[in-house]
Amino acid sequence: MLSVDAEKRISFKRCIRDGDLVIVYERHDNMKAVKVCESSTLQNRFGVFKHSDWIGKPFGSKVLSNKGGFVYLLAPTPELWTLVLSHRTQILYIADISLVIMYLEIIPGCLVLESGTGSGSLTTSLARAVAPNGHVCTFDFHEQRAASAREDFERTGLSSLVTVGVRDIQGEGFPEEFSGQADSVFLDLPQPWLAIPSAEKMLKQDGVLCSFSPCIEQVQRSSETLRSNFTDIRTFEVLLRTYEVREGKMDCSQGNEGGSLGPRPGKRRQRSGEVSNEGEIPTPTTVMARPAAEARGHTGYLTFARLKCLP
């Protein structure tokens, strides 16, 4: 789990203990979160893994099953947690989250208000960014979703950095107790323009607001509302393209097209059935990079704005 020591510093520099949350890595597209219990086992296509064998090993260890298969035991960092958490709503992924934390200027010690907790993907990364002495106050109008998110933050050890509240921010606004105290505000709402006046009251002078919207019409209406008391209004769409980098053998029989080396000059091709008197020439290998077959498309628009300073 995201362990927080006496100084509230998130750290994985220790061995796995009974009750910890670990990410079991089978392959790049197959991971799962598992709570370690000394008497339990994990069964998959690679065999049976005893949890008791995991206890005492450092995060990142490779462990073997009864059949000789293996998995890796990884720490539940926000990046990995985003990939394995339960999707109660649409979530933000790493590319969008990175931009949010950068442009909201979130650093340790910040107070961040979030509306639209959802599955808690962004909240987990926000908590790491504000640690060790900052705090994230996140709100969701759906009571069951808020309760599930609260349980997840307990599992990942973030309960000291995150407070989850049940509130309709669009209709009621943020609690008045945060007035003028928030360093940044994040909105993930169907009608964010309704919450912007309240967010404005919560922000410190020169504070930054971000709104995530899947539709450009939402962006346009939010931007109109922001123009009165905000400046530096910008909207981004993040499209991430992943490349696969692998080592492979070069095909030397196709001529020089496509980067192939082609056959050696002056040598005739060996006919089927002939026995060569020379040793076989090893096929050269090279590192090749190509775009991944599947790419994540449009997720949403991120609109940022800075509260105007009083003259």
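The pair Arg155-Asp152 meets the salt-bridge criterion, with a side-chain N (NZ, NE, NH1 or NH2) lying under 4.0 Å from an Asp/Glu carboxylate O. A salt bridge does not link Arg167 with Glu143: none of the charged nitrogens is closer than 4.0 Å to a carboxylate oxygen.
When all heavy atoms are compared, the tightest approach of Thr299 to Gln90 is O-NE2, 3.2 Å. In terms of heavy atoms, Pro214 sits closest to Tyr301 at O-CE1, 3.6 Å. The two residues Ile101 and Ala129 come nearest to each other via the heavy atoms CG2-CB, 4.2 Å. Shown here for Leu111 and Cys137, the closest heavy-atom pair between the two residues is CD1-SG, 4.1 Å. Between Arg241 and Pro291 the shortest heavy-atom distance is NH2-CG, 3.3 Å. In this structure, Trp81 and Ala33 approach most closely via the heavy-atom pair CZ3-CB, 3.9 Å.
Ring pair Phe236/Phe304 is perpendicular by interplanar angle, where above 60° counts as perpendicular and below 30° as parallel.
Between Thr303 and Ser211, the side chains place no donor N or O within less than 3.5 Å of an acceptor N or O (distance only, hydrogens not considered). Defined by atom type and a distance below 3.5 Å, a donor-acceptor pair is present between the side-chain atoms of Thr82 and Ser121. Between the side chains of Ser184 and Glu105, no donor N or O sits under 3.5 Å from an acceptor N or O.
Of the options Ile23, Val24, Asp20, a side-chain contact (heavy atoms from CB on, under 4.5 Å) to Leu73 is made by Val24 and by none of the others.
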Identify all side-chain donor-acceptor contacts of residues 195-203 below 3.5 Å with residues at least two apart in sequence or on another chain.
unit_1 : atom_1 : unit_2 : atom_2 : d
Ser198 : OG     : Phe174 : N      : 2.8
Glu200 : OE1    : Asn229 : ND2    : 3.1
Glu200 : OE2    : Asn229 : ND2    : 3.1

Run the side-chain donor-acceptor check on residues 34-49: report pairs under 3.5 Å with partners two or more places apart or on a different chain.
unit_1 : atom_1 : unit_2 : atom_2 : d
Asn44  : OD1    : Phe46  : N      : 2.9
Asn44  : OD1    : Gly47  : N      : 3.4
Asn44  : ND2    : Glu26  : OE2    : 2.9

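In this structure the side chain of Leu209 reaches within 4.5 angstrom of the side chain of Leu187, judged on heavy atoms. Residues Phe139 and Val166 are not in side-chain contact: their nearest non-hydrogen atoms beyond the backbone lie 4.5 Å or more apart. The side-chain heavy atoms of Leu122 and Val100, taken from C-beta on, include a pair separated by under 4.5 Å.
Between the Arg306 side chain and the Val208 main chain, no donor and acceptor come within less than 3.5 Å of each other. Not a single donor-acceptor pair under 3.5 Å links the side chain of Glu154 to the backbone N or O of Arg150.
For the salt bridge (charged side-chain N to carboxylate O under 4.0 Å, His left out) test, no residue two or more places apart in sequence or in another chain qualifies with Arg221.
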